[in-house]
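Below you'll find the structure, written out as structure tokens, and then a few comments.
Here is how names work: the chains are called A, B, and so on, in the same order as the sequence lines, proteins then strands, and each is numbered from 1. These values consider heavy atoms only, across backbone and side chains, with no hydrogens, waters or symmetry-generated copies.
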Protein chains: 2
Amino acid sequence: MQETKKESWFNCDVCIFKQTICHFITDEEFESLFEATQQLKFKRNEYIMKQGAKSDYIVYLSKGRVKMNSETDSGKNIILTITNAPILLGGAIMLNDSINIFSIIAIEDCDVCLINIDILKSFIIKNGELSLKLLEFLSGMFKDSIYNFISLAHKQVNGRIADILIYLSKTIYHSNNFTLTITRKEIAEFAGCSQENVIHTLTRFHKDEIIRSEGKSIEILDMDKLIKISKIG
Amino acid sequence: MQETKKESWFNCDVCIFKQTICHFITDEEFESLFEATQQLKFKRNEYIMKQGAKSDYIVYLSKGRVKMNSETDSGKNIILTITNAPILLGGAIMLNDSINIFSIIAIEDCDVCLINIDILKSFIIKNGELSLKLLEFLSGMFKDSIYNFISLAHKQVNGRIADILIYLSKTIYHSNNFTLTITRKEIAEFAGCSQENVIHTLTRFHKDEIIRSEGKSIEILDMDKLIKISKIG
DNA sequence: GCAGCGATATGAAATATTTCATGTTTTTTC
DNA sequence: GAAAAAACATGAAATATTTCATATCGCTGC
């Protein structure tokens with residue numbers, strides 16, 4: 001992890017967070033927030049936010065993809081959801097607790113700004129409209145994790161793998177033909193089943209010509225069939 | 001469901017929501033919010049908020065207990081969490097969407113105030129500190145549902161039933177000896193397994209003298225053992 | 001107070017999933 | 001470029017869970 005100088009690394013001109021917040025605060029106020037912000041790069045599998053740790057910043061993910069991960073004492077993981085930049089990741093502030101109940105981990109190389117919560121809160125207190133706007137930003141990831149919860153609880157493995165393939169295609173990679181940036185093990189953690197079961201299911205979908213699966217490369221051949229499997233569960 | 005006159009039903013003097021919000025808004029502002037608020041009573045199994053419906057209010061549960069429920073097209077249910085009064089239930093506003101992705105259903109007779117979102121938002125815009133306070137109120141239910149998600153994903157049925165018994169004892173009924181206000185079927189929907197599996201597990205815990213189970217009456221005999229089962233999963 | 005319905009309970013058979021063992025392929029490190 | 005490690009793949013056995021059939025108990029409605 002490499003700490004960088006201000007504005008010498010990320011292209012702040014196209015930053016959606018900056019564009020949004022500058023509607024509500026002055027340039028001077030933005031400068032004070034920016035001075036307190038850390039711009040960092042994370043490599044795949046590095047922790048952006050650590051479960052169990054205290055946290056006094058929120059994360060603006062300007063580039064890359066992350067997973068929202070929960071780990072048991074015995075080292076078992078569950079992925080609550082996966083998400084794309086650009087996005088604001090609230091972690092603790094979202095759930096009103098200073099201790100993170102899950103980790104946020106890079107699944108690809110990521111560009112991240114760590115934004116000081118106390119300064120941000122001081123702007124929120126002065127400008128209530130800002131809080132509604134930030135809430136708008138912060139809620140997406142939780143919604144997706146609730147959809148995953150619902151999938152996990154309602155469906156058998158076929159339906160869950162179908163859900164995940166659809167989610168990856170439509171929301172993460174924006175293509176029916178994509179190169180995975182997560183392993184089969186991570187897909188299993190996302191689906192709440194064993195790695196062998198994921199591999200068996202992907203193989204069966206490949207044989208049924210629903211997908212074409214060649215290592216990390218996945219192509220959705222029959223989205224309608226996949227959606228049908230998702231619905232059946 | 002019975003609509004009632006203002007202040008002729010609930011004891012508003014002890015209302016935590018009123019006490020809290022009156023720190024941030026004037027009596028006149030409170031009056032205008034109150035005039036737009038509906039005070040309602042719900043019986044067990046009545047819908048306070050309906051999945052798939054639009055919603056322009058948030059719910060203050062002043063008395064009773066509710067479940068946060070998701071239903072599939074085929075009628076299968078999952079309970080994301082169960083919660084006690086007094087609590088503020090945000091539904092859509094929490095996830096920044098006007099359509100509810102889950103239902104809130106009474107599991108006992110409930111007293112509820114439906115609070116107009118637009119009026120509340122107009123206060124938030126004027127007073128940013130209020131938004132932080134409301135966020136504090138609104139996040140608890142989601143946090144509990146995330147804990148349930150994590151339990152569901154990490155653990156086998158024994159561990160999940162143990163988790164639920166602990167949660168009911170410590171958070172819902174505040175006693176090691178309680179009368180259930182949910183059925184075995186609802187416990188199964190909360191645990192994401194079959195009703196027979198819940199009954200088998202409760203019977204086994206009864207035989208192992210971890211709990212005493214007599215119909216709706218449950219007593220936790222060995223909380224340490226239950227916690228151990230919860231940890232093992 | 002009784003009949004009917006819903007909830008609870010039990011145990012066995014069927015199904016879904018995990019675990020295990022082993023091998024192959026791909027990626028990473030030196 | 002090669003060796004080692006990680007990821008992927010396969011199939012069978014073991015385990016967890018659901019489904020099914022049946023019976024009993026408790027609650028609701030008339």
Under 3.5 Å for both pairing distances: what stems, at least three Watson-Crick or G-U pairs long, include DNA chain D? C:1-30 with D:1-30
Distance, rounded to the nearest Å, where A:Gln195 contributes CD and C:dA21 contributes P: 16 Å
Between P of C:dT15 and CG of B:Asn197, the distance in whole Å: 18 Å
Tell me if the side-chain of A:Glu196 makes a donor-acceptor pair with the base of C:dC20, cut-off 3.5 Å, by modelled atom types. yes
Before you tell me yes or no, could you show the steps for B:Met223 and B:Ile166 under side-chain contact (heavy atoms from CB on, under 4.5 Å), namely the whole-Å CA-CA distance, both residues' side-chain angles and the distance that decides it to 0.1 Å? CA-CA 8 Å; B:Met223 181 62 85; B:Ile166 294 167; 4.0 Å; yes
Give one of base, sugar-phosphate or nothing for B:Lys155, where a contact means two heavy atoms less than 4.0 Å apart. nothing
Heavy atoms only, 4.0 Å cut-off, all strands: where does B:Thr183 land among base, sugar-phosphate and nothing? sugar-phosphate
Between P on C:dA7 and NZ on B:Lys216, what's the gap in Å once rounded to a whole number? 8 Å
Using atom CD1 of B:Ile187 as one end and atom P of C:dT8 as the other, report the distance to the nearest whole Å. 8 Å
Distance only, no hydrogens: is a donor on one side chain within 3.5 Å (strictly under) of an acceptor on the other, for B:Thr81 and B:Tyr147? no
For A:Glu189 and D:dC8, give me the distance from atom CD to atom P, rounded to whole Å. 12 Å
Checking B:Phe142 against B:Met68 for the side-chain contact (heavy atoms from CB on, under 4.5 Å) test, could you report, in this order, the C-alpha distance in whole Å, the side-chain angles of both residues, the deciding distance, and whether it holds? CA-CA 10 Å; B:Phe142 282 92; B:Met68 185 177 174; 3.8 Å; yes
Determine whether a donor-acceptor pair (N or O, by modelled atom type, separation under 3.5 Å) exists between the side chain of B:Arg44 and the backbone of B:Asp109. no
NZ/B:Lys228: more than 12 non-hydrogen atoms of other groups inside 6.0 Å: no
Contact nearer the 5' end of DNA chain C, comparing B:Lys185 with A:Arg160: B:Lys185
If you find the nucleotide of DNA chain D closest to A:Arg44 and the one closest to B:Gly192, which residue's nucleotide is nearer the 5' end? A:Arg44
Test log, rule side-chain contact (heavy atoms from CB on, under 4.5 Å), inputs A:Asn158 and A:Arg204: CA-CA 10 Å; A:Asn158 257 28; A:Arg204 194 166 53 251; 2.7 Å; yes
A:Ile182 has an atom CD1; how far is it from atom P of C:dT26, in whole Å? 19 Å
Just the rounded figure in Å: distance from P of C:dA16 to CD of B:Gln156. 18 Å
Could you tell me whether A:Lys216 atom NZ has more than 12 heavy atoms of other residues or ligands within 6.0 Å of it? yes
How about NZ on B:Lys185, more than 12 heavy atoms from neighbouring residues, nucleotides or ligands closer than 6.0 Å, or not? no
side-chain hydrogen bond (donor to acceptor under 3.5 Å, both in side chains) filter on A:Asp163, not counting sequence neighbours, yields A:Ser151, A:Lys155, A:Ser230
Expressed in angstrom and rounded to an integer, what is the separation of A:Leu180 atom CG from D:dA7 atom P? 13 Å
Members of residues 198-205 of chain A that approach DNA chain D, where some heavy atom sits under 4.0 Å away: A:Ile199, A:His200, A:Thr203
